[in-house]
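This is a predicted model, so every value here is computed, not measured. Indexing begins at 1, ligand by ligand and atom by atom, following the structure's order.
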Amino acid sequence: MEIKNVKGTHDIFGEETKIYDFLIDVFSHLCQRYGASHIIIPTIEHTELFQRGVGEGSDVVRKEMYTFEDKGGRLITLRPEFTAGIVRSFIQNKFYANDLPCRLFYHGSVFRYERPQQGRYRQFNQLGVEFLGSDNFLVDVETISLAFSFLKELGLDKNIVVKINSLGDLETRNRYRQALKDYFAQYLPDMCEDCQSRYELNPLRILDCKVDADRVYIEKAPSISTFLSPQSAQRFNDIIEALKQLEIPFEIDHTLVRGLDYYSEIVYEIHIKNANEGAIGAGGHYSTLIEELGGPKMSGVGFSFGLERLLSLFASKSDLASKVVESKIDIYVMPVGEGVHSQALKIAQYLRENNISADIYLEKTKLGNMFKKAQKRNAKFALIVGEDEIKNQTVQLKNLSTSEQKEVKLSDILKTLKE
Ligand code: HAM
C-alpha cells in the first residue's frame with residue numbers, strides 16, 4: 001500500500017520552494033540590517049520548558065503539543081513555537097552578559113496538534129525575531145518596524161493591517177481578569193464549551209472566541225483600556241506615537257489577547273485586510289518569561305510569521321509570484337554535434353565557477369528543441385558549442401531577448417558577458 005504524508009503536514013516543492021527560499025532570503029538580509037543574528041535551536045526541548053514558558057493555561061500546552069518519552073525516560077516535546085526555546089538558549093548561553101538588547105532571528109518548523117484546515121497545519125514553518133534584555137518601549141517598536149519593513153519589501157504593506165493592544169502589567173491583567181469573570185458569569189451557561197473552560201483557566205481568551213452566538217456577549221464586555229495602570233497606559237501611548245512617526249499604519253483592537261500566556265504590555269497581530277483567515281504573523285512583549293525560566297529579570301519582545309500563510313498569499317497573487325519565480329538563469333549551454341558534450345560541460349563548469357548561472361542540455365537533440373528549453377528556463381543567453389567552434393576555440397553567443405548572435409573566443413566569454 002502506498003504510504004502518504006502524515007495528516008496536517010505537506011510537501012513544499014517546485015515554484016513554492018523558490019518563493020519559500022526567497023522569503024527566507026529577504027527576511028534574513030533585513031534582520032541583519034537591523035543588527036540581528038541568526039540562531040538555530042533544537043527542534044526538541046524538555047516538555048517542562050513549554051509548560052513553564054508558554055503556560056499550562058494555553059491551548060498549545062493543554063491540547064496541541066507533540067510530546068513523547070524518549071528511550072532515556074525524558075519527557076520531550078517537538079517545539080510548538082520558538083520563543084520559549086530562544087529564551088532558554090539566551091539564559092543557558094548567558095547572552096545577557098553581552099551587549100543588550102540581544103537581537104536574534106530564526107526560521108524553521110514548528111508542530112501543533114491542531115485540527116487541519118485551510119492555512120492551519122500540524123507541522124508548519126515560522127520565521128521571526130526575539131529582541132531580548134531591554135525594557136525600552138522603542139525595542140517593541142523596532143520589532144513592529146522590522147515586521148512591517150519585511151512586508152513592504154514583499155510588496156504586501158498595502159494589503160495588511162497591524163492590530164495592536166496592551167495587556168498591561170501583571171496588576172492590570174489580574175484586575176481585568178476578575179472584571180471579565182464578574183461580567184461573563186451571568187452569560188456562561190449559554191456560551192460555548194471552550195468559553196466555559198477558558199472562564200476558569202484564562203478568561204481573557206474568551207475575547208478570542210469566534211462563535212457568532214458568543215460574540216453578542218463579548219462585544220459588550222469591559223475593555224482592558226480602562227484597566228491599564230498609569231505606567232502601562234503611558235507605555236502604550238509612547239508606542240502609538242512612535243508608530244505614527246515611523247508611518248506604520250495600525251489599528252487598536254482591545255479584544256486582541258493572544259493565545260500564549262507569556263505576554264504583557266503590547267501584543268500585536270498582522271492580518272490581511274478584509275480576510276477572515278487567521279493572522280499571518282503575531283508577537284508581543286514579555287516581561288517575566290526570562291525570569292520564570294531561570295534567567296535574570298529582563299524583558300523581551302518578538303514576533304513570528306507563519307511561512308505557509310505568506311506562501312498562500314503569493315499563490316493567490318500571480319504578480320507577486322512571478323516577481324520571484326521569474327529568476328532567470330544567465331546562460332543555456334547547447335552542445336551540437338559529435339564529441340562536444342564534455343567540452344560543453346567544461347564551459348558550463350567554468351561559467352558557474354565565475355558566478356554565472358548556467359544550465360546545459362545533455363541529451364542529443366535538435367537545436368530547435370534546445371531553444372525551446374532555454375526559453376522555458378528563462379535564460380538570458382544561449383551559448384552554442386559545435387564541432388567547428390571546438391576546433392577554433394570559440395562559441396556562438398546568442399542574446400535571447402534581442403536574437404543578436406556573435407562568435408566569441410572562449411577566452412573572452414567572461415569579458416563579453418560582462419559587457
Ligand atoms: P502564534 O500566534 O502562535 O505566535 O504563531 C505565529 C504565526 O504562526 C501565526 O500568526 C500564524 O501565521 C502561524 N501559525 C500558527 N499556527 C499555525 C498553524 N497551525 N498552521 C500554519 N500557521 C500557523 C507564536 O508562535 C509566538 N511565538 C510569536 C512570538 C514571538 N511572540 C513573541 N515572539
Side-chain angles (χ1 to χ4, degrees), residues 6-10 12 20 23 27 31 36 39 41 45 49-50 53-55 58-66 78-90 101-132 139-140 142-144 146-147 150-151 156 160-165 167 205 208 256-272 275 277-290 293 299-313:
V6 174
K7 186 174 176 187
T9 68
H10 63 122
I12 303 177
Y20 183 100
L23 292 173
F27 187 68
C31 287
I39 181 164
I41 56 166
E45 298 275 2
L49 175 73
F50 304 112
V54 177
S58 66
D59 285 354
V60 170
V61 171
R62 281 194 309 125
K63 304 192 276 200
E64 297 170 0
M65 293 206 299
Y66 280 89
L78 298 180
R79 62 179 175 220
E81 60 110 49
F82 273 92
T83 311
I86 303 276
V87 169
R88 191 236 352 109
S89 178
F90 174 78
C102 166
R103 297 181 170 90
L104 301 168
F105 75 90
Y106 51 84
H107 48 82
S109 299
V110 287
F111 305 81
R112 293 183 193 174
Y113 194 81
E114 293 197 74
R115 186 148 15 112
Q117 49 182 280
Q118 172 81 4
R120 175 150 294 155
Y121 299 94
R122 288 182 175 169
Q123 178 175 351
F124 57 101
N125 293 277
Q126 284 187 338
L127 39 76
V129 303
E130 307 300 331
F131 287 5
L132 303 144
V139 181
D140 298 357
E142 235 194 341
T143 63
I144 301 177
L146 201 166
F150 176 51
L151 297 170
L156 291 170
I160 55 121
V161 49
V162 183
K163 295 187 180 180
I164 62 172
N165 190 20
L167 299 181
R205 291 278 289 142
D208 241 5
L256 180 68
V257 286
R258 309 280 303 123
L260 312 165
D261 286 356
Y262 45 65
Y263 294 111
S264 54
E265 309 295 351
I266 189 161
V267 287
Y268 52 93
E269 282 189 355
I270 301 167
H271 290 257
I272 296 299
E277 284 154 35
I280 54 168
H285 180 97
Y286 35 91
S287 18
T288 52
L289 179 62
I290 299 176
L293 292 177
S299 292
V301 57
F303 66 78
S304 312
F305 278 104
L307 250 161
E308 281 72 9
R309 300 209 179 156
L310 289 172
L311 276 180
S312 73
L313 286 179

What protein heavy atom is closest to [atom], reported as residue, atom name and distance in Å?
atom: atom 13 (C) of ligand 1; value: Gly306 CA, 3.6 Å
atom: atom 19 (N) of ligand 1; value: Glu114 OE2, 2.7 Å
atom: atom 20 (N) of ligand 1; value: Tyr121 N, 2.9 Å
atom: atom 16 (N) of ligand 1; value: Phe124 CZ, 3.3 Å

Please report the closest heavy-atom contact between [X] and [Y], naming both atoms and the distance.
X: Tyr106; Y: Ile86; answer: CD2-CD1, 3.6 Å
X: Arg205; Y: Asp59; answer: NH2-OD2, 3.4 Å
X: Leu23; Y: Phe150; answer: O-CE1, 3.7 Å

According to salt bridge (charged side-chain N to carboxylate O under 4.0 Å, His left out), does anything in residues 108-125 pair up with another residue at least two apart or in another chain? List the pairs.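 Sorted result for residues 108-125: Glu114-Arg120.
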Does any pair with a residue in residues 101-111 pass salt bridge (charged side-chain N to carboxylate O under 4.0 Å, His left out), and if so which ones, sequence neighbours excluded?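 Salt bridge (charged side-chain N to carboxylate O under 4.0 Å, His left out) check on residues 101-111 returns Arg103-Glu142.
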Side chain, backbone, both or neither: which part of [X] comes within less than 4.0 Å of ligand 1 when only heavy atoms are counted?
X: Val60; value: neither
X: Arg120; value: both
X: Arg112; value: side chain

Does a donor on one side chain sit under 3.5 Å from an acceptor on the other, for Tyr66 and Gln123?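 Gln123 and Tyr66 do not have a side-chain donor-acceptor pair below 3.5 Å.
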Less than 3.5 Å apart, any donor N or O on the side chain of Thr83 or Tyr262 sitting next to an acceptor on the other?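 Yes, Tyr262 and Thr83 have a side-chain donor paired with an acceptor closer than 3.5 Å.
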Judged on heavy-atom distance to [atom], which of [options] sits nearest?
atom: atom 32 (C) of ligand 1; options: Ser58, Ser304, Gly8, Gly302; answer: Gly302
atom: atom 26 (C) of ligand 1; options: Tyr106, Tyr286, Tyr262, Phe305; answer: Tyr262
atom: atom 33 (N) of ligand 1; options: Gln123, Glu130, Arg258; answer: Glu130
atom: atom 5 (O) of ligand 1; options: Glu81, Gln126, Arg79; answer: Gln126

Report yes if the side chains of Ile280 and Leu151 come closer than 4.5 Å at any heavy-atom pair, otherwise no.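 Ile280 vs Leu151: side chains touch.
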Please verify the inter-ring angle class for Phe27 with Phe305; under 30° counts as parallel, over 60° as perpendicular, anything in between as tilted.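 Plane angle over 60°, so perpendicular.
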Parallel, tilted or perpendicular: ring planes of His10 versus Tyr121, cut at 30 and 60 degrees: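 Plane angle under 30°, so parallel.
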For Tyr263, atoms of ligand 1 separated by under 4.0 Å from a heavy atom: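 Per the distance check, 26 (C), 28 (C), 29 (C), 31 (N), 32 (C).
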In ligand 1, which numbered atoms sit nearer than 4.0 Å to a non-hydrogen atom of Ala279?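 With Ala279 as reference, the close atoms of ligand 1 come out as 9 (C), 10 (O), 11 (C), 12 (O).
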Can you confirm, on distance only, whether ligand 1 has an N/O atom lying under 3.5 Å from any N/O atom belonging to Leu260?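 By distance alone, the answer is no.
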Any N or O of Phe82 closer than 3.5 Å to N or O of ligand 1: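 No: no nitrogen or oxygen of Phe82 is under 3.5 Å from one in ligand 1.
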Apply side chain to side chain contact (heavy atoms under 4.5 Å, CB included) to the pair Tyr20 and Asn125, showing each step before the final yes or no. CA-CA 10 Å; Tyr20 183 100; Asn125 293 277; 3.3 Å; yes
Could you tell me whether ligand 1 has any atom less than 4.0 Å away from a heavy atom of Gly278?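 No heavy atom of Gly278 comes that close to ligand 1.
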What do you reckon, does Gly119 put a non-hydrogen atom under 4.0 Å from ligand 1?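 Gly119 counts as a contact of ligand 1 under the 4.0 Å cut-off.
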